[in-house]
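Quick notes on the structure that follows.
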Amino acid sequence: MAERVTFYVDGFNLYYGLRGKKRIDKKWKCAYWIDIVKLFAQFLSPSQILEKVVYFTASPLNPDKSNRQGAFLNVNKLLNGNRFEVIRGKYLRKIIECPNCKFAISRPEEKKTDINVSIRIISDCMENKTDVIVLVSGDSDMLPILEFIHKKYPEKKIRVYFPPTVYSAELKNNVKSHNGKIVFLENNFNKFENSIMPDSVTKNGKTYFIPEKWKIN
């Protein structure tokens with residue numbers, strides 16, 4: 001029987017990792033508009049099947065950013081059906097005060113992702129919906145859920161895929177200590193390239209377009 005592999009993607013972590021990589025190397029701009037299920041399916045062995053990609057995110061407070069994110073999520077749902085699921089947290093405005101001038105600014109801060117990821121992984125393990133857990137994140141706040149799964153569900157395999165420019169020594173050391181696997185996504189540009197979607201995608205009478213800001217000039 002094939003191993004069932006589920007990818008749990010910290011969307012915030014992945015997006016900002018890609019954005020940081022794009023600043024270093026412009027070719028990575030193409031990675032914004034990808035079929036994310038197709039991307040991760042390329043990492044599977046012949047004895048594995050992709051059960052699902054679960055994408056954790058929140059709607060940005062900025063309308064333009066929210067529209068770009070919506071286009072990306074909607075086209076992936078259209079193409080991949082039940083193999084792609086979105087779980088949302090939320091953004092809250094956080095007031096930050098300069099310790100010197102006391103000037104305060106408001107900035108958005110994402111909430112709930114680490115909690116939502118943890119709950120979903122535990123739920124999938126309890127219901128035996130997956131054999132291999134792939135965490136796509138470099139957030140060390142995810143360490144407690146990995147430790148919990150190692151202890152309570154030792155039969156489950158755990159992998160960590162670090163987004164480009166994102167890394168956590170704590171996550172790496174934890175996975176390695178349990179003979180797990182680490183993948184650095186920035187070493188796999190060809191797989192991102194293979195997953196680029198057309199500028200317009202039509203299926204079942206619906207059409208979505210790549211956001212203008214993401215187009216490759």
Side-chain angles (χ1 to χ4, degrees), residues 1-18 20-21 28 31 34-57 73 76 80 82-87 89 112-195:
M1 183 179 293
E3 275 189 328
R4 300 163 297 167
V5 182
T6 304
F7 289 80
Y8 303 87
V9 182
D10 181 341
F12 182 85
N13 222 242
L14 177 60
Y15 172 75
Y16 280 96
L18 288 172
K21 188 66 178 178
W28 280 86
I34 58 168
D35 180 335
I36 200 160
V37 172
K38 184 176 181 180
L39 168 68
F40 291 125
Q42 295 173 79
F43 289 93
L44 304 186
S45 71
S47 63
Q48 296 176 321
I49 59 169
L50 193 151
E51 184 70 18
K52 182 172 281 195
V53 173
V54 189
Y55 194 92
F56 299 83
T57 189
L73 297 177
N76 269 279
N80 297 301
N82 292 333
R83 294 204 302 166
F84 180 72
E85 180 180 350
V86 178
I87 295 180
K112 293 188 177 180
T113 290
D114 53 342
I115 296 173
N116 286 340
V117 173
S118 299
I119 291 172
R120 180 54 180 266
I121 291 176
I122 293 171
S123 175
D124 284 352
C125 289
M126 289 178 63
E127 298 178 23
N128 193 28
K129 289 185 174 180
T130 192
D131 303 305
V132 182
I133 295 161
V134 181
L135 174 65
V136 183
S137 177
D139 187 348
S140 59
D141 286 346
M142 300 292 184
L143 187 59
I145 183 58
L146 299 189
E147 293 176 336
F148 179 86
I149 299 301
H150 287 312
K151 182 176 180 180
K152 297 295 184 180
Y153 298 94
E155 75 280 5
K156 303 296 183 184
K157 297 177 182 178
I158 296 179
R159 313 282 186 254
V160 171
Y161 286 26
F162 289 117
T165 71
V166 178
Y167 173 73
S168 165
E170 293 91 342
L171 293 180
K172 177 186 176 183
N173 292 338
N174 178 273
V175 172
K176 288 290 189 180
S177 69
H178 292 87
N179 300 313
K181 183 180 179 182
I182 297 295
V183 170
F184 292 91
L185 288 176
E186 66 182 77
N187 296 333
N188 292 273
F189 177 74
N190 64 312
K191 290 183 172 63
F192 283 89
E193 206 169 27
N194 291 340
S195 307

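All residue numbers refer to positions in the sequence shown, counting from 1. Only this structure's heavy atoms are used, side chains among them; waters, hydrogens and symmetry mates stay out. Computed from a predicted structure; not experimentally measured.
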- Message: Regarding Tyr55 and Asn76, do their side chains bring together a donor and an acceptor under 3.5 Å, going by distance alone?
- Response: no
Closest non-hydrogen atoms of Gly180 and Arg159, given as atom of the first, atom of the second and distance, are CA-NH1, 4.1 Å
Q.
Surrounding NZ of Lys172 (heavy atoms of other residues, nucleotides or ligands, distance under 6.0 Å), is the total greater than 12?
A. no
Looking only at heavy atoms, the pair that brings Pro164 and Leu14 closest together is CD-CD1, 4.4 Å
From the list Phe162, Tyr161, Tyr167, side chain to side chain contact (heavy atoms under 4.5 Å, CB included) partner of Ile182 resolves to Phe162
Sorted by chain and residue number, the side-chain contact (heavy atoms from CB on, under 4.5 Å) partners of Ser123 (sequence neighbours excluded) come out as Glu127
Tested for side chain to side chain contact (heavy atoms under 4.5 Å, CB included) against Tyr8, the lone hit among Ile87, Thr130, Asn116 is Thr130
Closest non-hydrogen atoms of Ser195 and Lys38, given as atom of the first, atom of the second and distance, are OG-C, 3.8 Å
For residues 113-156, the ring pair (Phe, Tyr, Trp, His ring centres under 6.0 Å) pairs (sequence neighbours left out) are His150-His178
task = For atom CG of Asn190, decide whether the heavy atoms of other residues, nucleotides or ligands shown that lie under 6.0 angstrom number more than 12.
result = yes
Next on the checklist: Side chains of Tyr16 and Val166, heavy atoms from C-beta outward: is any pair under 4.5 Å?
Outcome noted: no
Review point. Under a 4.5 Å cut-off applied to non-hydrogen side-chain atoms, are Asn174 and Ile158 in contact?
Key: no
TODO: Apply side chain to side chain contact (heavy atoms under 4.5 Å, CB included) to Tyr15 and Thr57, showing your working.
DONE: CA-CA 10 Å; Tyr15 172 75; Thr57 189; over 6 Å; no
_Would you say the ring centers of Phe7 and Phe43 fall short of 6.0 Å from each other?_
no
- Worked verdict on Val5 versus Phe40 for side chain to side chain contact (heavy atoms under 4.5 Å, CB included): CA-CA 10 Å; Val5 182; Phe40 291 125; over 6 Å; no
Tightest non-hydrogen contact, residues Val175 and Lys181, listed as CG1-N, 3.5 Å
On a heavy-atom basis, the closest approach of Val53 and Val9 is CG1-CG2, 3.8 Å
Under 3.5 Å, side-chain donor or acceptor atoms of residues 131-147 against the rest of the protein: list the pairs with distances, not counting sequence neighbours.
| residue | atom | partner | partner atom | Å |
| --- | --- | --- | --- | --- |
| Asp131 | OD1 | Arg4 | NH2 | 3.0 |
| Asp131 | OD2 | Arg4 | N | 2.8 |
| Asp131 | OD2 | Arg4 | NE | 3.0 |
| Ser137 | OG | Asp10 | OD2 | 3.4 |
| Ser137 | OG | Asp139 | N | 3.0 |
| Asp139 | OD1 | Asp141 | N | 2.9 |

task: Measure the shortest side-chain to side-chain distance between Lys157 and Glu3 over non-hydrogen atoms and say whether it is less than 4.5 angstrom.
output: yes
